[in-house]
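Below is one structure, written out as structure tokens; comments come after it.
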Amino acid sequence: MAIMSAPRARKRRNSRPLDPQKLEELALSYVARFATSAGKLRSYLVRKLCERGWDGGMEPDLDAIIARFVDAGYVDDAAWARAKSGGLLNRGYGPRRVAQALAAGGIAEEIREETGPDEAAARRAVLTLARRRRFGPWGASPLDRPQREKQIAAMVRAGHGFDAARAVVDAPSIALAEDWAAEAEEPDNP
């Protein structure tokens with residue numbers, strides 16, 4: 001019978017401290033691989049500096065590097081925010097969760113307000129979540145009180161408002177839930 005030994009811990013390479021050229025190369029490699037915001041790029045560079053140290057003399061000017069990348073078009077906070085917002089909404093997350101993700105990405109308040117979902121997009125997202133998780137009319141009928149409360153709580157945790165979650169979970173049919181979502185898309189007729 002073979003005795004299994006504990007897996008050996010991987011040795012970390014003793015990486016040399018970063019110099020200005022290597023820091024710039026790391027930043028360029030990062031933006032080439034990932035669509036990112038200025039805040040996320042800053043976090044990445046700070047993390048790399050903490051891991052490897054700095055051997056370039058004076059303190060590195062991260063603002064200058066990030067500003068050059070923004071000017072070159074490699075980093076665009078508004079485009080990143082639109083893509084992130086759209087992706088989260090398409091997966092069924094609500095406006096509050098979208099705002100949290102954009103804030104965590106370092107997006108400025110005015111860009112978050114511009115790229116945040118409108119009422120129609122928020123209603124479509126709540127329907128997407130309900131359809132995907134088989135909540136409300138998409139699930140087993142009829143719901144008992146504990147199931148109903150769990151479904152509403154899950155939708156609220158996903159960033160939707162209580163009223164929207166309740167409207168979808170309590171909808172008697174899929175058609176009525178979809179009509180509720182379509183109400184937000186219709187222009188107001190005086």
Side-chain angles (χ1 to χ4, degrees), residues 30-44 47 66-67 69-190:
Y30 184 76
V31 299
R33 286 182 295 162
F34 306 107
T36 190
S37 67
K40 289 179 71 74
L41 178 59
R42 170 178 288 289
S43 297
Y44 172 77
R47 188 179 78 232
I66 293 169
F69 281 43
V70 168
D71 290 342
Y74 299 152
V75 175
D76 185 355
D77 282 357
W80 185 84
R82 282 190 301 275
K84 185 72 169 177
S85 176
L88 289 171
L89 290 170
N90 288 338
R91 290 191 339 228
Y93 289 104
R96 193 179 68 253
R97 189 76 176 265
V98 169
Q100 290 171 346
L102 296 180
I107 302 298
E109 179 67 31
E110 58 272 1
I111 296 174
R112 286 193 307 244
E113 289 175 4
E114 289 173 12
T115 58
D118 60 354
E119 181 66 22
R123 287 186 180 197
R124 284 191 305 270
V126 77
L127 286 185
T128 299
L129 180 66
R131 191 176 303 116
R132 193 180 69 176
R133 301 273 311 267
R134 299 194 181 281
F135 287 166
W138 284 273
S141 292
L143 289 176
D144 60 2
R145 185 178 176 116
Q147 287 176 322
R148 177 183 176 274
E149 290 173 357
K150 284 182 180 181
Q151 289 182 4
I152 290 173
M155 295 179 110
V156 169
R157 283 191 306 271
H160 297 288
F162 180 76
D163 292 336
R166 191 177 55 194
V168 171
V169 170
D170 291 343
S173 70
I174 293 172
L176 290 175
E178 290 173 345
D179 288 345
W180 170 80
E183 288 174 5
E185 295 179 16
E186 296 173 0
D188 293 332
N189 291 330

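Just so we're clear, the structure is a prediction, and the values are computed from it rather than from any experiment.
- Note that CG of D77 and CD of E110 are 10.0 Å apart. Values are rounded to the nearest 0.5 Å.
- Side-chain atoms of R91 and R132, non-hydrogen and from C-beta on, do get closer than 4.5 Å to each other.
- Note that OG1 of T115 and NZ of K84 are 12.5 Å apart. Values are rounded to the nearest 0.5 Å.
- Among all heavy-atom pairs drawn from R148 and L143, the shortest one is CA-CD1, 4.2 Å.
- The distance from atom CZ of R82 to atom CD1 of I111, rounded to the nearest 0.5 Å, is 9.0 Å.
- Smallest separation of non-hydrogen atoms from G92 and H160: O-NE2, 2.7 Å.
- L89 is not listed as a side-chain neighbour of R124, based on a closest heavy-atom distance of 4.5 Å or more.
- Taking both residues in full, the closest heavy atoms of S37 and I107 are given as CB-CD1, 3.7 Å, listed atom of the first, atom of the second, then distance.
- In this structure, E149 CD and D144 CG are separated by 9.0 Å, a value rounded to the nearest 0.5 Å.
- Separation of atoms OG (S173) and CG (D179) is listed at 7.5 Å; rounding is to 0.5 Å.
- A 6.0 Å sphere centred on CZ of R133 holds no more than 12 heavy atoms belonging to other residues, nucleotides or ligands.
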- Query: Could you walk me through whether Q100 and R97 pass the side-chain contact (heavy atoms from CB on, under 4.5 Å) check?
  - Reply: CA-CA 5 Å; Q100 290 171 346; R97 189 76 176 265; 3.7 Å; yes
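- Panel note: side chain R96, backbone V156; a donor-acceptor pair is recorded below 3.5 Å.
- R47 CZ: more than 12 foreign heavy atoms inside a 6.0 Å radius.
- In terms of heavy-atom proximity, A122 sits nearest to P117 at N-CB, 4.4 Å.
- Within the 4.5 Å cutoff, the side chain of V31 has heavy atoms near those of the V75 side chain.
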- Message: Go through it in stages, so that I can follow the logic: the residues are Y93 and T128, the test is side-chain contact (heavy atoms from CB on, under 4.5 Å), and I'd like the CA-CA distance, side-chain angles, deciding distance and then a yes or no.
- Response: CA-CA 9 Å; Y93 289 104; T128 299; over 6 Å; no
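- A 4.5 Å side-chain heavy-atom check between V126 and W180 finds at least one atom pair inside the cut-off.
- Take D163 and apply the salt bridge (charged side-chain N to carboxylate O under 4.0 Å, His left out) test, not counting sequence neighbours, and it matches R166.
- Within the 4.5 Å cutoff, no side-chain heavy atoms of V98 are placed close to those of R112.
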- Stepwise side-chain contact (heavy atoms from CB on, under 4.5 Å) check, V168 with W138: CA-CA 10 Å; V168 171; W138 284 273; 4.1 Å; yes
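- Using a cut-off of 4.0 Å between Lys/Arg side-chain N and Asp/Glu carboxylate O, E183 and R123 are scored as salt-bridged.
- Atom OG1 of residue T36 and atom CD1 of residue I66 lie 9.0 Å apart, to the nearest 0.5 angstrom.
- Scanning all heavy atoms of the two residues, the minimum distance from E119 to A184 falls at CG-CB, 3.7 Å.
- At a threshold of 4.5 Å between non-hydrogen side-chain atoms, the residues L41 and F34 do not count as touching.
- No more than 12 heavy atoms of other residues, nucleotides or ligands sit less than 6.0 Å from atom OH of Y74.
- Residue M155 comes nearest to A165 through the heavy atom pair CB-CB, 3.6 Å, listed as atom of the first residue, atom of the second, then distance.
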